[in-house]
Amino acid sequence: MSKYHFIDIEKKWQNYWAENKTFQAQNQSDKPKYYVLDMFPYPSGAGLHVGHPLGYIASDIYARYKRHKGFNVLHPQGYDSFGLPAEQYAIQTGQHPRKTTQENIIRYREQLDKIGFSFDWSREVRTSSPDYYKWTQWIFIQLFESWYCKAHEKAFPISELVKVFSEQGNSKLNAECDSEVTTFTAEEWNDYSEKRKESILLKYRLTYLAETEVNWCPELGTVLANDEIVNGVSERGGYPVVRKKMMQWSMRITAYAQRLLDGLDTIDWPQPLKDTQSNWIGKSEGAMVTFRVVRTSEELRGAKIEVFTTRPDTIFGVSFMTLAPEHELVERITTMEQRFEVGKYIEATAKRSERERMADIKNISGVFTGAYAEHPFTGEHIPIWIGDYVLAGYGTGAVMAVPCGDQRDYDFAKHYDIPIPNIFDGVDISEEAFADKERTIIGNSDFLNGLDHKTATQKVIEALEEKGQGAGKINYRLRDAVFSRQRYWGEPFPVYYKDGMPQMIATEHLPLTLPEVEKYLPTETGAPPLGRAEVWAWDTVNNEITANHKIDHETIFPLELNTMPGWAGSSCYMFRYMDPHNPDVLASEEAMRYWGNVDLYLGGSEHATSHLLYSRFWVKFMYDRGYLLVDEPVKKLINQGMILGESAFVHRVEGENQLVSASKISGLKVQPIHADVSFVNTSNELDMEAFKNWRPEFKNAEFITEDDGTFKVTREVEKMSKSKYNVVNPDDICEQYGADTLRLYEMFLGPLEQAKPWSTAGITGVHSFLKKLWKLYHSGAEESFAVSDTAALADELKILHKTIKKVEEDIENFSFNTSVSTFMIAVNELSALKCNSREILEPLAIIIAPYAPHISEELWNKLGHSESISTVPFPQFEEKYLVESSKDYPISFNGKMRFKMKLPLDMTKDDIEAAVMAHEKTQQYLDGRTPKKVIIVPGKIVNIVG
RNA sequence: GCUGAAGUGGUGGAAUUGGUAGACACGUUGGACUUAAAAUCCAAUGCUCAUUAUGGGCGUACGGGUUCAAGUCCCGUCUUCAGUACCA
């Protein structure tokens with residue numbers, strides 16, 4: 001084995017690492033720790049494509065580099081193995097999702113192993129394994145057993161809440177809870193039945209069961225969270241979604257809204273991602289204002305409308321109110337005369353899907369209820385309307401309409417001929433509303449006249465508070481997260497139902513394992529798939545699962561039929577890696593103390609409002625309750641860009657079986673067809689035979705070729721996907737060029753964070769670099785190993801140290817693409833010098849090792865070392881080798897670079913001025929004039945002002 | 001609409017953060033080696049004018065500005081991408 005046989009070399013070292021457990025991390029070490037994590041993959045049936053490993057390669061380079069730098073590195077990997085695709089595959093084929101998931105994991109592992117990652121596989125976790133989801137269930141129970149105190153901004157055990165209730169009731173309590181909680185005294189509480197107490201507590205628990213309006217996807221037979229819906233259809237499959245009321249588990253994430261927002265300042269995450277999260281949380285400051293409904297009938301006694309507004313300062317501009325069609329008061333306040341109109345309108349809006357409503361922004365629609373509200377200050381009667389521009393889900397589902405200050409209110413008022421009073425000084429509102437807070441001076445508003453936005457807001461809130469008709473309020477867009485899914489392949493809830501109330505299974509009996517079912521579809525009665533399980537009841541005497549027919553509602557109770565959503569298993573998994581086999585706790589305190597939080601996390605930005613937000617929420621909760629020692633999961637996060645596919649299109653003449661080459665299309669009516677990219681070479685020529693044999697419909701197709709007889713396809717950049725036939729498998733690249741080439745090439749493609757299309761066009765350049773590197777250590781036709789012990793030349797040392805310095809900077813800045821160039825330059829320069837000195841070639845192998853670990857292990861081994869290169873310290877660059885005796889100084893004159901001058905490095909400013917002045921060429925450019933000054937930037941450039 | 005990021009050769013992309021723009025690679029062209037091809041090696045390659053040669057002009061989306069010096073900083077305009085959207 002003398003030539004660069006990458007296949008043998010890579011296999012050899014991958015086996016070596018596995019056998020020697022080279023990358024197993026220890027939980028005790030004198031070294032500083034570093035935790036590098038990738039977002040773990042969902043093992044899909046399609047396997048990995050070249051886009052998946054991009055982030056893994058980057059994090060692997062960083063992990064390997066940190067090991068060279070003397071860190072104890074934790075770099076684990078696992079599988080997010082619960083999920084919908086496996087379940088849908090199960091529905092189609094009847095195969096158990098456990099089986100297909102297992103197969104997919106094996107396939108993923110094979111593919112990952114071929115790329116030479118330095119994962120510590122002894123710590124692997126799988127979210128679908130009972131040993132793991134035991135902890136997901138355990139966390140769920142802790143959330144159930146907790147409430148959130150707003151006074152302390154912290155979660156506490158529910159037992160403390162019970163104590164507060166029994167001692168002083170709930171009137172003084174400042175806790176996060178459902179909006180309709182009524183106040184009670186300690187005496188009242190103590191008199192309540194157990195069931196009533198339970199149902200009150202449920203309104204305070206951090207995970208709770210409630211009738212909520214949810215996004216129901218009939219096609220998938222399940223509810224979806226807001227972030228699982230894109231443009232009104234399901235993210236998976238693109239099926240329609242409708243609103244529906246259902247009894248669901250929810251997570252009280254809204255309790256943590258402010259802390260989730262504040263925490264963003266403490267973490268080093270990309271700005272766009274932070275912005276996405278803070279938009280999603282959507283904090284807005286304003287006031288709650290209560291409007292009394294004018295009592296025109298007994299029915300309306302005590303009726304009030306609460307609104308949220310960010311502009312309480314414009315309250316004197318209110319000329320009508322608008323309720324969402326779904327608002328609970330609509331039914332009650334609508335007058336007899338308007339009943340028919342209102343009913344018609346509500347029916348019409350209910351029929352329209354969310355999507356239609358969004359597409360129809362321009363159309364103004366609404367209807368008058370016939371009722372009036374009373375202005376808190378003027379007592380004026382304000383008409384109450386219904387309009388679908390008001391969303392039931394935001395604020396209170398009602399607005400005080402100030403047409404002069406809000407464009408939507410303005411348009412609505414214009415459309416229905418409602419007055420538009422102007423309450424701004426010196427502003428023309430005849431054409432449009434005026435919404436500039438900064439330039440606002442209030443007028444025509446009684447005690448607010450002449451005030452600016454800020455002062456007026458403050459003053460009006462005080463006045464409202466005095467009247468008991470309002471208060472300052474911060475509102476969030478963030479909703480509580482629905483946590484129930486009507487699916488089979490997810491974590492079962494550790495919950496059974498006694499007398500209609502949910503009960504937790506004691507934590508010592510976890511995990512509650514997923515039952516077997518015959519089919520993975522919902523039942524005929526519409527219950528979730530777990531409704532098919534025959535053994536799915538909880539025996540509270542023996543504390544075990546038992547058959548449904550034994551349910552007696554005395555000691556044996558039905559278990560929850562829903563399962564948890566995809567993000568349940570991924571919210572705290574980073575802590576399980578710290579101590580993955582611990583049977584007693586999620587991770588031991590010792591392990592958590594040592595590893596802290598994730599130092600570097602790599603993954604796609606598509607998880608911004610799901611996994612990354614929910615994970616932060618759970619971690620903060622676990623921190624509050626003392627189960628974790630940190631309140632943010634991840635210190636630094638990098639979003640790697642997606643690698644896109646370059647789809648190939650063959651064009652077929654419409655209605656004919658004629659296929660037209662790219663340049664012959666014009667003028668023809670053609671239909672593009674995705675062709676498999678493996679039939680196309682780099683100059684876009686199609687392998688016509690392969691295409692003919694691809695599908696029977698093309699067997700007899702006629703090809704209209706280019707004039708030279710070739711057939712060309714057109715290209716388009718799209719997301720890589722099986723259905724677009726543009727998927728490139730990393731295995732093929734590893735086979736043809738090797739894993740080291742794949743690793744280097746994926747980095748070389750461009751900046752890590754940027755999306756970029758995959759193209760093999762440049763891969764030969766990277767591959768030939770590795771061949772050159774190999775040749776540097778070998779010589780002769782036989783390429784025998786040839787490294788000598790002769791001392792290195794000064795030039796060689798300079799190249800080496802320049803390279804060390806640059807590569808170190810690049811890795812620290814995560815600009816892995818430029819260091820590949822740096823290696824290429826170094827190898828080219830050293831080859832030109834015919835360098836074969838061990839003094840150079842040994843450190844060179846180390847600095848390349850993080851990027852191309854297999855070839856460097858092989859070279860390291862040939863250099864006579866028996867240990868793995870991955871444990872060797874990274875070479876230190878030394879400034880002294882970079883220093884030159886003299887340097888070319890570019891000389892600028894009147895802003896233009898004129899010529900370069902060789903000057904000694906240690907020259908002072910005066911020396912340089914003198915040297916420049918003495919220089920013959922300077923005289924030539926100055927042309928007899930005296931320069932005003934000579935500007936010297938030390939070590940850089942000399943500039944003469946003429 | 002709002003928020004954020006970005007705009008550099010034929011292509012992917014560099015540029016030590018204000019100091020010789022286009023590193024490195026692909027592609028293209030020419031050459032060497034070959035019966036030939038592949039592989040490999042060498043040279044040229046931003047555009048443009050001119051030439052025997054040295055050279056000149058223009059160039060980092062567009063228009064201004066600051067500076068001895070701008071891809072980089074400031075103001076304005078345009079375009080692209082991403083997130084979000086009747087959020088009161």
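None of the values given here were measured: they were computed from a predicted structure. So you know, we letter chains A, B, ... as the sequences are listed, proteins then strands, and number each from 1.
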With sugar-phosphate meaning primed atoms plus P, OP1 and OP2, does [X] contact a base, only sugar-phosphate, or nothing at under 4.0 Å between heavy atoms?
X        : answer
A:Pro270 : nothing
A:Lys771 : sugar-phosphate
A:Gln754 : sugar-phosphate
A:Asp409 : nothing

Please measure how far the [atom1] atom in [N] lies from the corresponding atom in [M], and state the result in whole Å.
N     : M     : atom1 : value
B:A61 : B:A5  : C1'   : 16 Å
B:A15 : B:C73 : P     : 14 Å
B:A85 : B:G22 : C1'   : 41 Å
B:U3  : B:C75 : P     : 15 Å
B:C68 : B:U11 : C1'   : 37 Å
B:C33 : B:A43 : C1'   : 15 Å
B:U45 : B:A36 : C1'   : 28 Å
B:G30 : B:U20 : P     : 35 Å

Tell me the partner of [N], counting only Watson-Crick (N1-N3 plus N6-O4 or O6-N4) or G-U wobble (N1-O2 and O6-N3) with both under 3.5 Å; none if nothing fits.
N     : value
B:U77 : B:A61
B:U66 : none
B:C41 : B:G31
B:U51 : none
B:U3  : B:A82

| said: Pick the closest RNA chain B nucleotide for A:Lys775 and for A:Tyr394 by heavy atoms, then say which residue is nearer the 5' end. | reply: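 It is A:Lys775, whose closest nucleotide lies nearer the 5' terminus.
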Find every protein N or O atom lying less than 3.5 Å from an N or O atom of nucleotides 1-11 of chain B, and list the pairs.
none

| task | Kindly write out the residues that satisfy ring pair (Phe, Tyr, Trp, His ring centres under 6.0 Å) with A:Phe6, not counting sequence neighbours, or none if the list is empty. | result |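 Checked A:Phe6 against ring pair (Phe, Tyr, Trp, His ring centres under 6.0 Å); matches are A:Tyr4, A:His767.
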| note | With B for base contact, S for sugar-phosphate-only contact and - for none (protein heavy atoms under 4.0 Å), nucleotides 24-31 of chain B reads BSS-----
| What's the closest nucleotide to the A:Thr310 side chain, out of B:A14, B:G83, B:A88? |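 Shortest atom-to-atom distance from the side chain points to B:A88.
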| request: Could you check which of B:C87, B:G13, B:G83 has an atom nearest any side-chain atom of A:Lys756? | output: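 Of the candidates, B:G13 comes closest.
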| message | For B:C87 and A:Arg408 - does any side-chain N or O of the residue sit under 4.0 Å from the phosphate oxygens OP1/OP2? | response |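 The answer is yes; a side-chain N or O of A:Arg408 sits under 4.0 Å from OP1 or OP2.
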